[in-house]
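Written below as structure tokens is the structure these notes are about.
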Number of protein chains: 2
Amino acid sequence: MIVRSATPSDDADLTARARIRDAALARFAADGFGAPLRAIAADAGVSPALVIHHFGSKDGLRHACDEQVRRIVAEGKEPVYGAPGGHPDRADMFALLADVERYGVPTLYLLRVFQAGGDLARELVDDMVELTRTTLADGVASGAVRPSRDEDARARYLVMLTLGALVVDQALHPADPGDTGGFIRGYMARYALPSAEVFTEGLLLDATMLDAVAATWPAPTDPTPTDPPRTRT
Amino acid sequence: MIVRSATPSDDADLTARARIRDAALARFAADGFGAPLRAIAADAGVSPALVIHHFGSKDGLRHACDEQVRRIVAEGKEPVYGAPGGHPDRADMFALLADVERYGVPTLYLLRVFQAGGDLARELVDDMVELTRTTLADGVASGAVRPSRDEDARARYLVMLTLGALVVDQALHPADPGDTGGFIRGYMARYALPSAEVFTEGLLLDATMLDAVAATWPAPTDPTPTDPPRTRT
DNA sequence: ACAGTGACTGAACGCGTGTTTAGTATCGTG
DNA sequence: CACGATACTAAACACGCGTTCAGTCACTGT
């Protein structure tokens, strides 16, 4: 059993283990998960062997980074969403966005996660879809959001759209590792206006394409099989 | 020139160089650009040394694949857009989409390109942005598309959104290498409806967020194109 | 004082990578 | 036929990777 009596839990962030983890987070965020272990060790000022000693393997290090960023996300989400199932507070959300310098590295790390795919990415996307779904449902109930023919599909699609744009933007114009917050601010400066525009006003003025699409890929009927198989055309 | 024969494999009548190129295209599409040269050589039924002999290096092979997919895109675009600068024909566009089985591998290859970033990705995205810009301008002129406060930014944002969703969807749910068309059809089945819905009807019912965003990030008064920030060290 | 334990390192190992080399078969052309 | 160029391969090479190993150091409990 390992007991860390000499160091308080808060000082744990100063241990070599934490230094390695943070260096890996930054490296992975900057260069992707193909970044060499030796580079991470050099960033942390330790030998490659020590990384293995503390984390067992590169996968173990990756896992520790995942857990760390999960922790950061949870603690950043907490003031915005309050208790689990709570509703987002927009003022706190903007405050969080303004504090983007603090969350720049974890954000870029997450973009690398979504870029690379894998189990954690699927899990996080599912979480975001669920969060978006409930938030949109609240909006629909309060009259702020237009109802959809398929709320689940819309929530997932919106997550894929916004996440994907961030991922590709990062792939196309890699963020300066020294100014991780600049990436987010630049993204906002470029896309905030068209984003707000498209999502409030729409894009197409006539519904011919929507009708054609709705006829070709109809929305799923109610999950209860009491409805007739024929959906509205 | 080349006559297809009833050989067990359609590749048998291609030259080794073309066979290697096609094998690389499929491998890169399936596994990304980190795919080992030896695997590509095995797929093509040749030795790794022959790949180098024909393409000089792995980068050379990658470049040949880029050129090939560029050719395929051009010849697929030609009946839809006609002469350079022509306007898209929607009927031909749907015909092209129906022929997705034929273009499945090049499409997935392109998604890998956008996922990995790099010069080709930037170039292709710029092309697509330009194409989208003119197409949207036509739509605005004909009254089919709503005007924007910043047409350039909107065109770029729409390209990033739709491309990004495809890239992330592929990263999260890798396509079956044996059924590359299934990925596209599945994507359509899942997202065509919410896509058409969002882009014709919009999402938000009141413009408070749009107003706030327009005040924080106003549209450029002068239509000077915003150059992407080059912050590489 | 003294074993014990964990942090830590330099050097090496095994492996997979892209690439090179030397050599063989095959083809086109004088 | 002769011969040079091309297609092609087996084997080896050089290198970077994650990982292992043997050993040193510092600290801790008995």
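Order of the sequence lines fixes the chain letters, A, B, ..., with proteins taken first and strands second; residue numbering starts at 1 for each chain.
Applying the side chain to side chain donor-acceptor pair (under 3.5 Å) test to pairs two or more places apart or on separate chains, none has a residue in residues 46-59 of chain A. Listed by first then second residue, pairs satisfying salt bridge (charged side-chain N to carboxylate O under 4.0 Å, His left out) with a partner in residues 163-175 of chain B read B/Asp169-B/Arg190, not counting sequence neighbours.
Following rounding to the nearest Å, A/Leu50 (CG) and C/dT9 (P) show an atom-to-atom distance of 5 Å. Rounded to whole angstrom, the span from the CD1 atom of A/Ile20 across to the P atom of D/dT19 amounts to 14 Å. If you measure from atom CZ of A/Phe33 to atom P of D/dC17, you get 17 Å, rounded to the nearest angstrom. Taking atom CZ of residue A/Phe55 and atom P of nucleotide D/dT19, one finds them 13 Å apart after rounding to whole Å. Look at NE2 on B/His53: it is 14 Å from C1' on C/dG23, rounded to the nearest Å.
Listed by chain and number, the residues in a ring pair (Phe, Tyr, Trp, His ring centres under 6.0 Å) with A/Tyr109 are A/Phe33 (sequence neighbours excluded). Shown here are the ring pair (Phe, Tyr, Trp, His ring centres under 6.0 Å) partners of B/Phe55, two or more places apart in sequence or in another chain: there are none. Residues forming a side chain to side chain contact (heavy atoms under 4.5 Å, CB included) with A/Asp43 (at least two apart in sequence, or on another chain): A/Ala23, A/Arg27.
For the pair B/Arg19 and B/Val46, the minimum side-chain heavy-atom distance is below 4.5 Å.
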| task | Starting at the 5' end of nucleotides 16-21 of chain C, put B wherever the base has a protein heavy atom under 4.0 Å, S where only the sugar-phosphate does, and a dash everywhere else. | result | -BBBB-

